[in-house]
**Q** 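Right, I'll just put the structure down here and ask away after.
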Amino acid sequence: MDNTAVADTLDRIAAYLDLKGENTFRVRAWRNAARTVEGFTVPLATAIADGSLEQAKGIGPAILQVIVELVETGRSEMFETLREEVPSGLVEMMAISGLGVAKIRQLHTALGIETLPELEEAARDGRLAALPRFGARTAEAILKGIAFLRQSSQLHLAHHARDELNEIAAALAAHPHISAVYPAGEVRRRTEVVRDLTLVAVADIPPAELFRMLGDLPSVNEVTGTDERRATLRFGSRPPVQLIVTPPQNLGAVLVQATGSAEHLERLTSHATERGFNLAGAALWQGSRFVPTPDEATLYQALGLPWVPPELRETGEEIGRPVPPLLERSHLRGFLHCHTSYSDGTNTVAQLALACRDAGYEWIGITDHSRAAAYAGGMQPDDLRRQWDEIDEFNAANHGILVLKGIESDILADGALDYPDDILAQFDFLIASVHSRFNLGEAEMTARFLRAIESPYLTIIGHPTGRLLLSREGYAVDLDAIFEAAGKAGVAIEINADPYRLDLDWRVLGRAREAGVMISIGADAHSVAGLANVDFGVAIARKGGLGPDDILNCRSAGDFLAFARARRE
DNA sequence: GCCGTTTTCGGCCCGACTGTTTTCAGTCG
């Protein structure tokens with residue numbers, strides 16, 4: 001079992017214990033252990049062997065034993081027992097906003113509710129609202145929550161979808177008749193959520209024959225919906241994957257069509273038709289002449305068009321336009337937005353800094369939570385002084401990366417930042433984010449941001465809408481008003497690269513740029529493993545058409561500091 | 001369940017809002 005699966009299982013154990021009414025600190029211990037496991041950048045088997053797992057904070061004998069069992073055998077006695085004791089529907093209900101374990105337990109005991117459909121029925125027929133401390137509004141909120149959950153369950157977060165596809169692609173690539181496998185669809189276009197998992201395989205035998213052979217593999221549960229070149233495969237309990245098979249001479253045409261979007265393809269097809277081509281099937285034809293397209297560039301070229309990077313294939317308007325210079329990971333010189341063990345991260349300043357150095361960054365901005373974020377171990381003034389001393393000491397030792405002193409300050413309800421100015425003045429830069437009071441009206445929320453922007457110490461606005469993909473809508477806020485104010489004030493706005501956020505949305509990046517806003521890529525890393533988030537931030541910037549000149553992290557440390565200081569003078 | 005020590009138990013993450021009550025339990029970040 002890999003690290004992610006182990007972390008998921010630990011979280012699930014925590015949920016079961018919680019639902020059983022266990023001590024909350026015991027529950028929290030399992031949740032914390034899941035976060036610790038996520039923070040490991042080496043496979044857990046390695047961490048078990050070299051003793052580093054045992055040494056890790058939050059991993060005691062009981063949890064260690066379960067992790068070892070999971071890694072070695074893929075299952076856990078404790079987990080299996082819990083799974084039999086607690087109905088799985090109750091765990092699903094924990095994802096409904098407004099429903100916590102206490103209420104779920106009450107529903108279970110009082111009404112015998114064990115599944116989402118049963119919950120929905122009780123919310124509709126009035127039984128739920130009649131319970132003590134429930135009511136009509138709660139029933140309403142739960143129905144909305146169920147609807148949201150249903151919708152979300154059809155979708156995958158980008159990083160989950162990518163991991164699924166990569167694993168299956170690797171397995172398929174080992175097949176003797178498959179020479180290459182490419183992720184396609186939304187995963188390749190780097191959308192923030194993904195509906196369909198699509199792979200393109202290049203094979204040297206007819207698709208039907210290949211599908212038959214794949215169907216005989218023990219890891220493949222099901223091959224369905226077969227037409228002449230596509231089938232839906234199910235590997236074990238994983239979500240279904242659409243596999244499209246092509247000979248090498250049509251790879252370009254097939255990959256373009258498998259990648260989409262529908263709007264891009266529609267425009268591309270009509271462009272082809274106007275020029276006497278036909279792109280409807282699995283290949284490109286010019287009249288009755290077959291046009292080989294061994295890669296995508298050949299296809300676009302045949303149609304007299306520049307190749308379009310997959311991230312930009314959305315509205316169709318990108319066709320025929322020159323491709324703008326797009327951001328690449330290698331352009332980034334600075335790493336921004338990370339949490340250390342001073343607040344809710346799992347690694348030290350030095351561990352994060354050295355990992356960033358090894359990943360090729362020149363500088364890193366440390367941004368732990370400010371004091372109002374008590375739930376996340378927000379920093380008291382004493383903590384700040386200790387961290388600043390630690391950073392000074394680290395920088396004095398010349399480790400080959402510069403550490404900057406930052407903070408992720410809460411934006412309080414009235415728009416004030418979370419420390420007095422004399423403390424704010426001592427940071428090299430500031431990220432400021434909203435972490436509470438989400439349900440102000442749009443006008444009040446917007447005013448809150450505008451007031452924060454007035455502070456000369458603010459450098460970057462963090463995760464501007466507060467959305468959590470597939471679990472929480474962003475709060476109501478006038479983004480364009482914020483763009484305008486930030487652009488004028490010289491305040492940057494973050495693309496939060498946490499794959500659960502990806503906030504700003506790529507669809508609004510063009511408007512931010514037009515308003516003169518600098519964009520920063522904020523990893524929101526809570527461990528060394530979180531450094532990998534940056535890849536998602538880069539993808540979102542590219543989808544929004546942004547290049548290195550638009551991105552604050554592409555500056556040298558000196559230029560970044562000058563950007564922050566310019567506001568204070 | 002884990003941690004840390006003035007070690008083998010006591011403390012661990014807390015403050016504010018929401019919908020329900022009519023004083024507060026439950027949820028959230």
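In what follows, chains are A, B, ... by sequence order, proteins preceding strands, each numbered from 1.
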**Q** Looking at every strand, decide which applies to A/V101 at a 4.0 Å heavy-atom threshold: base, sugar-phosphate, or nothing.
**A** sugar-phosphate
**Q** So what does A/R133 hit on the nucleic acid, given a heavy-atom distance under 4.0 Å: a base, only sugar-phosphate, or nothing?
**A** base
**Q** What integer number of Å spans the P atoms of B/dC17 and B/dT22?
**A** 22 Å
**Q** Between A/K405 and A/D392, is there a salt bridge with N-O shorter than 4.0 Å?
**A** yes
**Q** Is there any ring pair (Phe, Tyr, Trp, His ring centres under 6.0 Å) pair reaching into residues 373-392 of chain A, and which pairs are they, with sequence neighbours excluded?
**A** A/W388-A/F427
**Q** Go through B/dG29, B/dG1, B/dT20 for me and flag the one nearest to the A/R472 side chain.
**A**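 Of all the options, the side chain of A/R472 is nearest to B/dG29.
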**Q** Is A/K57 near enough to B/dG4 that one of its side-chain N or O atoms lies under 4.0 angstrom from OP1 or OP2?
**A**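 Yes, such a contact exists.
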**Q** Which part of the nucleic acid, if any, lies within reach of A/A413 when heavy atoms closer than 4.0 Å are counted: base, sugar-phosphate only, or nothing?
**A** nothing
**Q** A/F40: which residues meet the ring pair (Phe, Tyr, Trp, His ring centres under 6.0 Å) condition with it, sequence neighbours left out?
**A**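 In terms of ring pair (Phe, Tyr, Trp, His ring centres under 6.0 Å), with neighbours along the sequence ignored, A/F40 is linked to no residue.
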**Q** Between B/dC12 and B/dT18, how far apart are the P atoms? Round to whole Å, please.
**A** 28 Å
**Q** For residues 112-121 of chain A, tabulate all N or O donor-acceptor pairs below 3.5 Å that involve a side-chain atom, not counting sequence neighbours.
**A**
from, atom 1, to, atom 2, distance (Å)
A/E114, OE2, A/H108, NE2, 3.2
A/T115, OG1, A/E118, N, 3.2
A/E118, OE1, A/E114, N, 2.6
A/E118, OE1, A/T115, N, 3.3
A/E120, OE1, A/R150, NH1, 3.2
A/E120, OE1, A/R150, NH2, 3.1
A/E120, OE2, A/R124, NH2, 3.0

**Q** Please find out if less than 6.0 Å separates the ring center of A/F560 from that of A/W363.
**A** yes
**Q** Kindly state each residue pair satisfying side-chain hydrogen bond (donor to acceptor under 3.5 Å, both in side chains) with at least one member in residues 60-80 of chain A, sequence neighbours excluded.
**A** A/E80-A/R83
**Q** Between B/dG19, B/dG1, B/dC2, spot the one nearest the side chain of A/R26, thanks.
**A**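 Among the listed nucleotides, the one closest to the side chain of A/R26 is B/dG1.
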**Q** So, using side chain to side chain contact (heavy atoms under 4.5 Å, CB included) as the criterion, who are the partners of A/R437 when residues are at least two apart?
**A**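 If we apply the side chain to side chain contact (heavy atoms under 4.5 Å, CB included) test to A/R437, skipping adjacent residues, the hits are A/A413, A/L440, A/R448.
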**Q** Within this structure, what is the CD1-CG distance for the pair A/I146 and A/L99, rounded to the nearest 0.5 Å?
**A**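 Interatomic distance, A/I146 CD1 to A/L99 CG, rounded to 0.5 Å: 8.0 Å.
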**Q** Any ring pair (Phe, Tyr, Trp, His ring centres under 6.0 Å) involving residues 119-157 of chain A? Give me the pairs, sequence neighbours left out, ordered by first then second residue.
**A** none
**Q** Can you list every ring pair (Phe, Tyr, Trp, His ring centres under 6.0 Å) pair that touches residues 444-491 of chain A, not counting sequence neighbours?
**A** A/H435-A/H463, A/F438-A/Y475
**Q** My understanding is that only residues two or more places apart in sequence, or in another chain, count here; which of them pass side chain to side chain contact (heavy atoms under 4.5 Å, CB included) with A/D505?
**A** A/E192, A/R467, A/R507
**Q** What's the gap between B/dC9 and B/dG15 when it is taken at their C1' atoms, as a whole Å value?
**A** 28 Å
**Q** Do any of residues 340-352 of chain A sit with a heavy atom less than 4.0 Å from DNA chain B, and if so which?
**A** none
**Q** Between the protein and nucleotides 7-9 of chain B, which nitrogen or oxygen pairs come in under 3.5 angstrom?
**A**
none

**Q** Between protein and nucleic acid, restricted to nucleotides 12-17 of chain B and to nitrogen or oxygen atoms under 3.5 Å apart, what atom pairs and distances do you find?
**A**
from, atom 1, to, atom 2, distance (Å)
B/dC17, OP1, A/R437, NH1, 2.8

**Q** Please figure out whether A/A29 or A/G100 has its closest DNA chain B nucleotide nearer the 5' end.
**A**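 Upstream on the strand: A/A29.
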**Q** With P as the reference atom in both, quote the distance from B/dT6 to B/dC2 in angstrom, rounded to an integer.
**A** 22 Å
**Q** Would you indicate whether A/E54, at its atom CD, is surrounded by more than 12 heavy atoms from other residues, nucleotides or ligands within a distance under 6.0 Å?
**A**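 Check fails, neighbour count at 12 or below.
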**Q** More 5' along DNA chain B: A/A139 or A/I59, using each one's nearest nucleotide?
**A**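 Of the two residues, A/I59 wins.
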**Q** Between B/dG11 and B/dG19, how far apart are the C1' atoms? Round to whole Å, please.
**A** 32 Å
**Q** Contact class for A/A56 (heavy atom, under 4.0 Å): base, sugar-phosphate, or nothing?
**A**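 Sugar-phosphate, backbone atoms only, no base.
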**Q** Taking atom C1' in both B/dT5 and B/dG10, compute the distance separating them and give it to the nearest angstrom.
**A**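 So the two C1' atoms sit 11 Å from each other.
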**Q** Any strand is fair game: report the nucleotide pairing with B/dC28 by Watson-Crick or G-U wobble, both distances under 3.5 Å, or none.
**A** B/dG15
**Q** Give A/S97 one of three labels, base, sugar-phosphate or nothing, depending on what nucleic acid heavy atoms sit under 4.0 Å from its own.
**A** sugar-phosphate
**Q** Can you list everything that forms a side chain to side chain contact (heavy atoms under 4.5 Å, CB included) with A/Q154? Sequence neighbours excluded, please.
**A**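 Here the qualifying residues are A/R195.
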**Q** Between B/dC3, B/dC2, B/dT20, which nucleotide gets closest to the side-chain atoms of A/T138?
**A** B/dT20
**Q** Have a look at A/L17 and say if it touches a base, only the backbone sugar-phosphate, or nothing, with a 4.0 Å heavy-atom cut-off.
**A** nothing
